[in-house]
S.K.: 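I have a structure here, written as structure tokens, and I will follow up with some questions on it.
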Amino acid sequence: MIRQTLTEALRAAFSALEGVSCPEAIDLGRPANPSHGDWSSNAALVAAAATGRNARALGGELAKALSKNPPRHVRKVEVAGPGFLNFFLHDAWLHEVLKQVVTEGVDGYARWDFGASRIVNLEFVSANPTGPVHVGGGRWAAYGDALANILARCGYSVHKEYYLNDLGRQMEAFAASLAARRRGEEPPEDGYLGEYVREWADEMPDEVAAANDAGAVGEWGYLRARRDIEASMERLGVRFDTWFSERSLLATGDIAGVLSELRAAGVLYEQDGAVWLRSTEYGDDKDRVLVRSDGESTYLLGDLAYHQNKFGRGFDLLIDVWGADHHGYVERLAAGVCALGHRREQLEIVLGQLVKVVRGGKEAKISKRAGNLVLLDDLVSLVGADAARMTFLAQSLDRRQVIDVELLAAQSMENPVFYVQYAHARICSLLREAATRGAERPPMGAAALETLTEARELTMLRTLHGLGEVVATAALERAPHKLTAWVRQLAGDFHGFYHDCPVLRSDVPPDVRGARLWLAEAARIGLVTALSLLGVSAPDAM
RNA sequence: GCCCUCGUAGCUCAGGGGACAGAGCAGGGGACUUCUAAUCCCAAGGUCGCAGGUUCGAAUCCUGCCGAGGGCGCCA
């Protein structure tokens with residue numbers, strides 16, 4: 001709102017000048033240094049560079065024009081440094097922010113509709129159904145779920161999906177390992193050595209084991225693993241709309257279908273008895289095999305059929321969240337999707353650096369096949385779903401995350417999640433206490449918001465003002481961790497306010513009390529909104 | 001050899017063209033008869049891996065080097 005006011009005022013100021021035009025996108029920011037005002041723009045610097053004029057002089061002219069006819073809430077406009085335009089505002093702009101937060105509430109504040117036309121399929125985790133989910137999988141789960149929430153808040157229609165690779169060599173190796181363990185033997189080479197295989201083999205009903213049928217054992221094992229994975233996701237609070245089976249693609253003929261579509265498109269050829277996709281024509285660095293010379297289809301063919309199936313279900317944007325170890329696979333899948341007639345932008349692969357799992361300072365393997373698993377369930381039961389999610393969402397996906405389960409458990413009380421949740425509980429307690437004492441909030445229209453002039457109060461309102469932009473950025477950059485940073489900031493602002501600004505104390509004038517109660521309510525709205533987007537609970541009491 | 005990501009305070013990380021680089025933890029010093037001290041405040045801590053380049057302006061963009069992790073199958 002204020003941003004728009006200032007932008008328009010800047011445009012108007014430019015239009016009054018000769019020989020200079022306003023930069024396309026006006027960069028308007030909130031300077032870190034308070035002496036640089038409440039808002040600041042580099043428009044003069046950019047425009048000066050484009051026209052060869054002196055930036056400081058141009059800025060001076062703009063500042064003069066803006067000062068003559070100041071936009072709403074603006075107290076003073078200065079040119080500073082090399083040519084920055086600094087806007088100093090009356091506190092009233094923040095009081096309006098407060099009004100807006102409270103009026104729009106948890107459902108409406110910081111909500112956008114720029115994604116309203118997009119129907120998104122967001123696929124994440126998709127760990128093979130050959131064992132429990134390890135700690136590393138939690139990162140994708142927390143990330144994907146939070147991203148889905150954030151996209152939805154920006155208007156996107158989001159569908160969360162888990163792809164089950166219930167076909168192929170991994171499943172066969174898993175079945176063989178289960179069967180071997182049941183017989184009391186070691187798993188075959190390339191088999192699964194994890195301890196859970198032993199446990200599950202013991203669980204297997206006699207009739208399944210006795211049938212001595214690889215298919216039956218595999219099917220039992222698949223369902224066992226799938227149940228386990230679903231339960232782990234549930235414990236972390238992550239629910240998928242669809243659990244999509246790779247096998248179903250065979251049954252529906254999608255795999256054969258995509259092959260004939262590609263053939264019809266003329267992008268296939270045969271060589272050495274195999275069927276190849278001419279993926280180099282779509283940016284891949286070499287062509288890829290879709291059907292091996294032994295007649296088996298490759299993983300890529302299945303994946304193409306799967307992605308084509310997603311498009312067939314009406315999604316116009318597919319977002320896949322993958323571990324960075326699959327980075328080399330991105331271009332070939334994208335090539336295939338383009339060969340099927342889709343635009344490259346319709347497939348977006350988010351790559352996240354892998355989690356390094358450490359136990360008491362020593363690295364733990366996180367491969368199901370090598371054994372020695374550290375399970376997501378273990379982490380969740382040690383620190384709880386909220387702390388686990390907050391930990392996963394505390395940093396950028398671009399950065400490798402080191403999770404030391406023991407250290408996390410030992411320091412769980414220091415987890416930032418409690419700092420934020422405590423702020424929320426304090427607000428709830430404050431509002432409860434206010435009700436008990438009969439200190440009701442006045443109607444918003446009658447609240448003396450102009451009494452909010454303390455630095456603590458204004459700082460918190462500045463932060464609250466930023467939520468909308470943070471949500472939009474988190475959505476567009478697929479970066480939920482920005483919201484984590486924001487909510488910690490808001491919690492810190494509130495704790496500071498709470499410490500310095502009494503609300504219910506008897507020496508607080510009633511109009512100030514009323515305004516502060518509304519401010520607390522606004523903070524509560526901000527905390528609840530951000531936490532719910534992150535998938536973290538906001539307890540009323542701690 | 002080629003490709004991707006990262007290198008910021010003792011540790012874990014934000015910031016990713018803008019004006020003096022921020023937070024948490026650890027360590028030092030303070031603040032509870034008051035609305036929840038799971039809190040707050042103060043001090044201390046940095047050649048933003050190194051070297052060039054682009055720019056009015058670089059932690060941020062480009063190139064090279066160094067270091068860390070991951071990937072380069074008719075595996076999945």
Side-chain angles (χ1 to χ4, degrees), chain A residues 27 29 31-33 35-36 40-42 45-46 48-49 54-56 80-84 86 128 130 165 167-171 173 190 246 271-276 285-286 288-300 302-303 323-331 351-354 356 391 394-402 404 407 411 413-423 425-434 436-437 439 456 477 481-482 484-486 488-489 491-492 494-508 513 516-517 520 541-542:
Chain A
D27 190 10
N33 184 339
S35 74
H36 295 147
S40 174
S41 177
N42 65 353
L45 288 159
V46 175
N54 178 284
R56 177 90 197 189
F84 289 105
N86 293 339
N128 285 344
T130 55
N165 295 116
L167 202 62
R169 289 191 188 171
Q170 295 308 318
M171 291 305 298
D190 289 344
E246 182 182 8
Q271 188 181 304
D272 306 327
V275 177
W276 295 71
D285 44 7
K286 56 198 257 194
R288 306 292 172 174
V289 170
L290 293 183
V291 183
R292 303 191 309 226
S293 51
D294 63 3
E296 291 288 313
S297 24
T298 60
Y299 186 80
L300 178 59
D303 234 9
D325 54 337
H326 288 79
H327 127 81
Y329 193 77
V330 171
E331 280 315 307
L351 291 174
Q353 297 299 309
L354 300 181
K356 178 178 177 182
T391 299
Q395 55 191 262
S396 157
L397 268 205
D398 286 339
R399 186 183 277 269
R400 185 163 79 132
Q401 187 164 35
V402 179
D404 186 326
L407 197 64
Q411 298 180 341
M413 295 311 279
E414 287 155 24
N415 194 294
V417 78
F418 299 116
Y419 182 79
V420 178
Q421 289 181 323
Y422 184 54
R426 270 182 146 179
I427 295 172
C428 291
S429 169
L430 176 66
L431 296 178
R432 275 195 302 270
E433 185 63 21
T436 307
R437 299 189 189 185
R456 295 292 204 179
E477 294 180 7
H481 75 277
K482 305 220 172 204
T484 310
W486 182 87
R488 289 172 71 167
Q489 173 72 45
F494 176 78
H495 285 308
F497 160 77
Y498 187 90
H499 188 268
D500 285 358
C501 302
V503 180
L504 301 177
R505 229 166 55 181
S506 56
D507 59 340
V508 177
R513 173 177 307 147
R516 286 182 176 169
L517 281 169
M542 286 174 75

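Each chain gets a letter, A, B and so on, in the order its sequence line appears, and its residues count up from 1. Excluded from the calculations below are hydrogen atoms, water molecules and symmetry mates; all remaining heavy atoms, backbone and side chain alike, are included.
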S.K.: Which whole number of Å gives the distance between the P atom of G7(B) and that of A59(B)?
M.R.: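 Straight-line distance between the two P atoms is 14 Å.
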S.K.: Within the structure shown, what part of the strands sits under 4.0 Å from Ala541(A) by heavy-atom distance: base, sugar-phosphate, or nothing?
M.R.: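 Base contact.
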S.K.: From the options A31(B), C56(B), U36(B), select the nucleotide whose nearest atom is closest to the side chain of Arg432(A).
M.R.: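 Of the candidates, U36(B) comes closest.
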S.K.: Do His499(A) and Arg456(A) pair up side chain to side chain, a donor and an acceptor below 3.5 Å, judged on atom types alone?
M.R.: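 The criterion, which ignores hydrogens and geometry beyond distance, is not satisfied for Arg456(A) and His499(A).
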S.K.: On a whole-Å scale, what distance lies between the C1' atoms belonging to C4(B) and U12(B)?
M.R.: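 Each nucleotide's C1' atom is 24 Å from the other's.
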S.K.: Any side-chain N or O of Tyr419(A) below 4.0 angstrom from OP1/OP2 of C40(B)?
M.R.: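 Tyr419(A) to C40(B) OP1/OP2: side-chain N or O found under 4.0 Å.
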S.K.: Is a donor on one side and an acceptor on the other found under 3.5 Å between the side chain of Ser429(A) and the backbone of Ala425(A)?
M.R.: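 Not at all, since once roles are kept as given, no pair shorter than 3.5 Å links the two residues.
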S.K.: Report yes if a donor N or O on one partner sits less than 3.5 Å from an acceptor N or O on the other, where the partners are the side chain of Thr298(A) and the base of C74(B); otherwise report no.
M.R.: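 There is none.
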S.K.: Protein within reach of the bases, or only the backbone? For nucleotides 67-73 of chain B, mark each nucleotide 5' to 3' as B, S or -, using heavy atoms under 4.0 Å.
M.R.: --BBS-S
S.K.: Would you find a donor on one side and an acceptor on the other, under 3.5 Å apart, between the side chain of Arg288(A) and the backbone of Lys286(A)?
M.R.: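 Between the backbone of Lys286(A) and the side chain of Arg288(A) there is a qualifying donor-acceptor contact (under 3.5 Å).
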S.K.: At 4.0 Å (heavy atoms only), tell me whether Pro416(A) reaches a base, stays on the sugar-phosphate, or touches nothing.
M.R.: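 Contact class for Pro416(A): none.
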S.K.: Measuring to OP1 and OP2 of G15(B), would you say a side-chain N or O of Arg488(A) lies under 4.0 angstrom away?
M.R.: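 Checking Arg488(A) against G15(B): no side-chain N or O falls below 4.0 Å of OP1 or OP2.
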S.K.: OP1, OP2 of G16(B) versus side-chain N and O of Lys482(A): anything below 4.0 Å?
M.R.: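 So the side-chain polar atoms of Lys482(A) do come within 4.0 Å of the phosphate oxygens OP1 or OP2 of G16(B), strictly under.
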S.K.: Let's test your reading of the pairing rules: Watson-Crick or G-U wobble, both distances under 3.5 Å, then write RNA chain B as a dot-bracket string with ( ), [ ], | and dots.
M.R.: (((((((..((((....[...))))..((((.......))))......(((((..]....))))))))))))....
S.K.: Using the C1' atoms only, state how far A14(B) lies from G24(B), rounded to an integer number of Å.
M.R.: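 It works out to 10 Å between them.
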S.K.: Cys428(A) near the nucleic acid: base, sugar-phosphate alone, or nothing, with a heavy-atom cut-off under 4.0 Å?
M.R.: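 No contact at all - Cys428(A) keeps every heavy atom at 4.0 Å or more from the nucleic acid.
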S.K.: Can you tell me if Tyr422(A) touches the phosphate of A38(B), counting only side-chain N or O atoms and a distance under 4.0 Å to OP1 or OP2?
M.R.: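 Yes, such a contact exists.
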S.K.: From the list C56(B), U36(B), A31(B), which nucleotide is the closest neighbour of the side chain of Ala425(A)?
M.R.: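 Of C56(B), U36(B), A31(B), U36(B) is nearest to the side chain of Ala425(A).
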S.K.: Does a side-chain N or O from Arg399(A) land closer than 4.0 Å to OP1 or OP2 of G7(B), or not?
M.R.: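 Answer is yes, contact under 4.0 Å.
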